[in-house]
Amino acid sequence: MPEYDDFAGTYQHWSEADSPYRIVEMHSFFDVLGPVGGQSVLDLACGEGRTARALVRAGAASVLGADLSPEMIRRAKEHAAPCTGKGASVLRYTVLDARDRTFQLDRPVDLVTAMYLFHYAETQGQLQAMADLIARNLKPGGRFVTYTISPDFDFANPDPRMKEVCGFDYSVLCGNHLSLNIGTDCVNIWQWSREVHQTCLTRAGLCEITWHGLRCPAVTAEIAGSIAFYVANPSCKILSARKPG
């Protein structure tokens with residue numbers, strides 16, 4: 001999103017914080033993801049590269065991080081060096097609009113990941129374009145895993161602890177149009193139903209479409225206790241799918 005060029009620093013500071021929310025977020029995402037050793041990955045909406053770097057550390061053979069924001073990609077490249085011990089080609093970055101209807105990798109990948117993407121689609125047509133790009137660039141049998149806005153969460157009645165514990169909250173603007181608020185900055189996002197997600201991913205040619213809740217890892221009782229309310233009723237969930245073959 002263009003907004004991220006303007007508050008990339010704020011987002012990066014929040015993204016890299018070792019907070020209870022971040023611990024649960026990454027643990028849950030990689031729990032669903034499973035082993036990635038030797039796999040080729042396209043990481044959409046990569047931001048400053050936090051997930052892309054984690055994929056490399058987890059053993060991915062190659063990771064291409066892609067984001068619409070040139071400033072985020074610039075920041076991601078600044079952090080890339082420590083993660084390229086296996087060769088400079090392991091981790092690369094590019095500026096890419098995930099709604100691009102023509103983007104095609106030279107070789108399809110084993111895995112497409114996205115830590116926050118679908119809720120930036122303003123229309124179902126844009127969400128369909130994202131799903132099509134994902135399916136088009138996956139190998140037969142390849143998987144897609146994303147961490148995204150929950151279709152089940154009641155944004156009109158969020159838990160008041162969210163801002164303090166998670167570092168963000170939301171405002172309902174109109175219908176499914178929301179504002180994600182991080183510090184004094186905000187970004188426009190949209191909440192899509194399970195049915196819309198199912199329709200777009202199915203039309204793109206993906207199957208085994210599954211929603212996953214969050215899990216707290218074996219951490220201190222203090223951390224687990226502080227985030228328990230969010231794990232029980234999260235504003236974000238994990239969505240996975242597979243390309244037949």
Those residues at least two apart in sequence (or on a different chain) that pass side chain to side chain contact (heavy atoms under 4.5 Å, CB included) with A66 are L42, L44, T94, L96

Contacts of S226 meeting side chain to side chain contact (heavy atoms under 4.5 Å, CB included) (sequence neighbours excluded), chain-then-number -> P20

Q) Given side chains that start at C-beta, do those of D132 and C200 come closer than 4.5 Å, heavy atoms only? A) no

Contacts of D110 meeting salt bridge (charged side-chain N to carboxylate O under 4.0 Å, His left out) (sequence neighbours excluded), chain-then-number -> K139

Taken in chain and number order and not counting sequence neighbours, the residues that satisfy ring-ring contact (aromatic ring centres under 6.0 Å, His included) with H212 are none

**Side chains of S150 and F155 in contact at under 4.5 Å (non-hydrogen atoms)** = no

Problem - pair Y21-V165: side-chain heavy atoms closer than 4.5 Å - result: no

Subject >> Check ion pair R74-E71 (N to O, under 4.0 angstrom) >> reply: yes

query: Side-chain contact, heavy-atom cut-off 4.5 Å: C46 with L64?
result: no

Residues passing the side-chain hydrogen bond (donor to acceptor under 3.5 Å, both in side chains) test with N181, sequence neighbours excluded, are D169, S171, S179

*asked:* Between D152 and R194 (salt bridge meaning N to carboxylate O under 4.0 Å), is one present in this structure?
replied: yes

**Q.** Test item: L178 and Q191 side chains (from C-beta on) under 4.5 Å apart, heavy atoms
**A.** yes

Heavy atoms of other groups near E164 CD, more than 12 under 6.0 Å:
no

Tell me, do I238 and L214 make a side-chain contact under 4.5 Å, heavy atoms counted? yes

Is R75 paired with E48 through a side-chain N to carboxylate O contact shorter than 4.0 Å? no

Practice item. Look at E25 together with R22 and state whether they make a salt bridge at an N to O cut-off of under 4.0 Å. Key: yes

Taken in chain and number order and not counting sequence neighbours, the residues that satisfy side chain to side chain contact (heavy atoms under 4.5 Å, CB included) with A135 are A204, L206

Does a side-chain heavy-atom distance below 4.5 Å link F153 with C236? no

From the list F29, Y147, F168, ring-ring contact (aromatic ring centres under 6.0 Å, His included) partner of Y116 resolves to Y147

